[in-house]
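Counting convention: from 1, in listed order, for ligands and their atoms alike.
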Amino acid sequence: MDIYDVIIIGGGPAGLTAGIYVSRARMKSLLIESYTIPGQALLVEKIENYPGFPEGINGFELIEKFKQHCRMYSLEIVNETVESISKSHSTAFPIWHVKTGKNIYKSLSIIIATGSQHRKLGIPGEEKFFQKGVSYCAVCDGVIFKNKDVVVVGGGDSAAEEALFLAKLAKSVILIHRRDKLRAAQVLQERLFSNDKIKILFNTIVTEITGKDKVEEVNVKNVYNNSESIIPCDGVFISIGLVPNTMLVKGLVALDEESYIITDENMKTSADGIYACGDCRRKPLRQIITACSDGAIAAFSAGQYVEKIKSSFLAGSV
Ligand code: NAP
């Protein structure tokens, strides 16, 4: 039967690391990646906290290095969008069917490494002006705002990095955060506070994005005294966190209240043969380095699981 030992879904740091490990273990493996939603790591202009690159490395460049590493071990990689995952019940152990737009692949185990995507603010004008001034990625769209006025919404690492990146191009950057304290790492906060082009508006929320054909203003409200004001701007960069890409496994494995996949320390999910790694799983720290660590563990665990099935099969106990 043409059944893979493991199928990895997702081609970010977690999935590619799992790919290196499963192919080095000589498992019959396939990695399915989709370009429809670019992974978070791809969009980082300069990654400064990945060990071994003290000068920093561009996200796209790092992912390319991961891919080259996978190719060294001849990992089979296809670019298809996974539509569904189901289980066949004809054997004592599950055989997972992964349906893409083009094929149905079968596997003894699956590693979910589908990452996350940008959270939306959900305010009027956000959808209407998407790509007409509203963006979720400064590295992708920043150049359009050379010498223009932009606002960045959010207070985490991503918002800080977006603001710092935009300050190199734009005329002015206003970072709007809903609380009185940023969540971003201290080193990023220090850079924000010392950058003359960046102004930070604390305790403020954006209530609407307005304009005629493109963004012209944002309406903001102070959360303490409810006073409202208007900030003229050409661009709005929304950077308020992530939502996991876990729709595919909803109902198949246990998710937490925010839809992150619940795993144990071996990256095992609630379903036999399904492992999860990287940003799509519940965990305390979402970094490239922790995604890679998850990927290695998921590959190791899937390997042990497949080995157990195969030896039971040969011993005739399944
Ligand atoms: P995050 O750490 O979850 O921060 C999201 C920010 O957006 C928070 O400041 C939050 O406010 C704010 N926010 C959330 N919902 C909002 C809403 N509806 N309206 C207004 N503001 C809202 O997300 P992130 O910055 O995208 O980072 C995601 C993960 O990637 C984190 O684990 C982060 O450490 C990691 N990351 C790391 C690096 C790096 O190490 N260089 C770079 C980028 C990302 P509150 O603070 O009030 O909750």
Side-chain angles (χ1 to χ4, degrees), residues 12-14 37-63 113-127 134-140 142 151-166 174-192 198 200-209 218-224 231 236-245 256-260 277-294:
I37 305 170
Q40 299 302 314
L42 271 181
L43 305 177
V44 183
E45 187 217 6
K46 198 171 172 191
I47 296 158
E48 293 179 353
N49 53 4
Y50 192 77
F53 295 95
E55 307 302 325
I57 180 162
N58 174 269
F60 185 83
E61 228 178 293
L62 184 63
I63 294 293
T114 44
S116 55
Q117 58 180 297
H118 298 291
R119 177 178 287 132
K120 307 279 189 302
L121 263 176
I123 55 167
E126 182 178 18
E127 215 173 298
V134 171
S135 169
Y136 300 86
C137 174
V139 177
C140 323
V151 304
V152 176
V153 188
D157 286 336
S158 304
E161 287 188 344
E162 297 276 274
L164 289 164
F165 178 81
L166 288 163
I174 300 178
L175 180 67
I176 302 175
H177 182 41
R178 64 182 177 183
R179 282 192 300 132
D180 60 354
K181 200 169 178 300
L182 296 172
R183 186 181 288 275
Q186 208 55 41
V187 63
L188 294 174
Q189 293 198 32
E190 286 162 15
R191 285 182 207 162
L192 285 176
I198 302 173
I200 306 179
L201 217 52
F202 286 104
N203 303 314
T204 304
I205 55 167
V206 179
T207 53
E208 187 171 1
I209 302 166
V218 289
N219 299 349
V220 297
K221 186 160 94 174
N222 181 292
V223 293
Y224 284 132
I231 302 175
V236 182
F237 287 82
I238 298 164
S239 203
I240 58 163
L242 306 168
V243 283
N245 294 321
D256 73 2
E257 60 289 346
E258 288 180 87
S259 295
Y260 286 100
C277 53
D279 280 8
C280 63
R281 81 173 188 99
R282 180 168 74 183
K283 59 196 250 174
L285 182 64
R286 292 193 176 83
Q287 300 277 300
I288 294 178
I289 188 81
T290 61
C292 295
S293 163
D294 285 0

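- Neither the backbone nor the side chain of Glu48 has a heavy atom within less than 4.0 Å of ligand 1.
- Nearest non-hydrogen protein atom to atom 26 (O) of ligand 1 is Ser158 OG, 2.8 Å.
- From the protein, the heavy atom lying nearest to atom 40 (O) of ligand 1 is Asn49 ND2, 2.9 Å.
- Between the side chains of Asn49 and Gln287, a donor-acceptor pair is found at a separation under 3.5 Å.
- For the pair Val206/Ile238, no side-chain contact is recorded, criterion being any heavy-atom separation below 4.5 Å from C-beta on.
- Ranking protein heavy atoms by distance to atom 14 (C) of ligand 1, first place goes to Ile240 O, 3.2 Å.
- Taking the side chain as every heavy atom from C-beta outward, Pro244 and Asp279 never approach each other to under 4.5 Å.
- Residue contacts with ligand 1, taken as heavy atom pairs separated by less than 4.0 Å, do not involve Ile205 at all.
- Cysteines Cys277 and Cys280 have SG atoms no closer than 2.5 angstrom.
- At a heavy-atom cutoff of 4.0 Å, ligand 1 is contacted by both the backbone and the side chain of Arg286.
- Counting only heavy atoms from C-beta outward, the side chains of Val44 and Leu62 never approach each other to under 4.5 Å.
- Close N/O approach between Gly155 and ligand 1 is found [any backbone or side-chain N/O within under 3.5 Å].
- At distances below 3.5 Å, not a single donor-acceptor pair connects side-chain atoms of Arg119 with backbone N or O atoms of Val243.
- Remark: the backbone N or O of Ala184 is paired with a side-chain donor or acceptor of Gln189 at under 3.5 angstrom.
- Of all protein heavy atoms, the one lying nearest to atom 23 (O) of ligand 1 is Gly241 CA, 3.3 Å.
- Ring planes of His118 and Tyr136: parallel class, angle under 30° (limits at 30 and 60°).
- Of the protein's heavy atoms, Arg183 NH2, 2.6 Å lies nearest to atom 48 (O) of ligand 1.
- Close to ligand 1: Leu121, with a non-hydrogen atom less than 4.0 angstrom away.
- Of all the listed residues (Leu242, Thr204, Asp157), Asp157 holds the heavy atom that lies closest to atom 34 (O) of ligand 1.
- In this structure, atom 42 (C) of ligand 1 lies nearest to the protein heavy atom Glu161 OE1, 3.4 Å.
- A 4.5 Å side-chain heavy-atom check between Val236 and Leu121 finds every atom pair outside the cut-off.
- For ligand 1, the atoms closer than 4.0 angstrom to any heavy atom of His177 are 9 (O), 11 (O), 45 (P), 46 (O), 47 (O).
- Neither the backbone nor the side chain of Gln40 comes within contact range of ligand 1; no heavy atom lies under 4.0 Å.
- Looking from atom 10 (C) of ligand 1 to the surrounding protein, the closest heavy atom is Arg178 NH2, 3.8 Å.
- Protein heavy atom nearest atom 47 (O) of ligand 1, with residue, atom name and distance: Arg179 NE, 2.7 Å.
- The cationic group of Lys46 does not satisfy the cation-pi geometry with Phe165, failing either the under 6.0 Å distance to the six-membered ring centre or the 45° limit from the ring axis.
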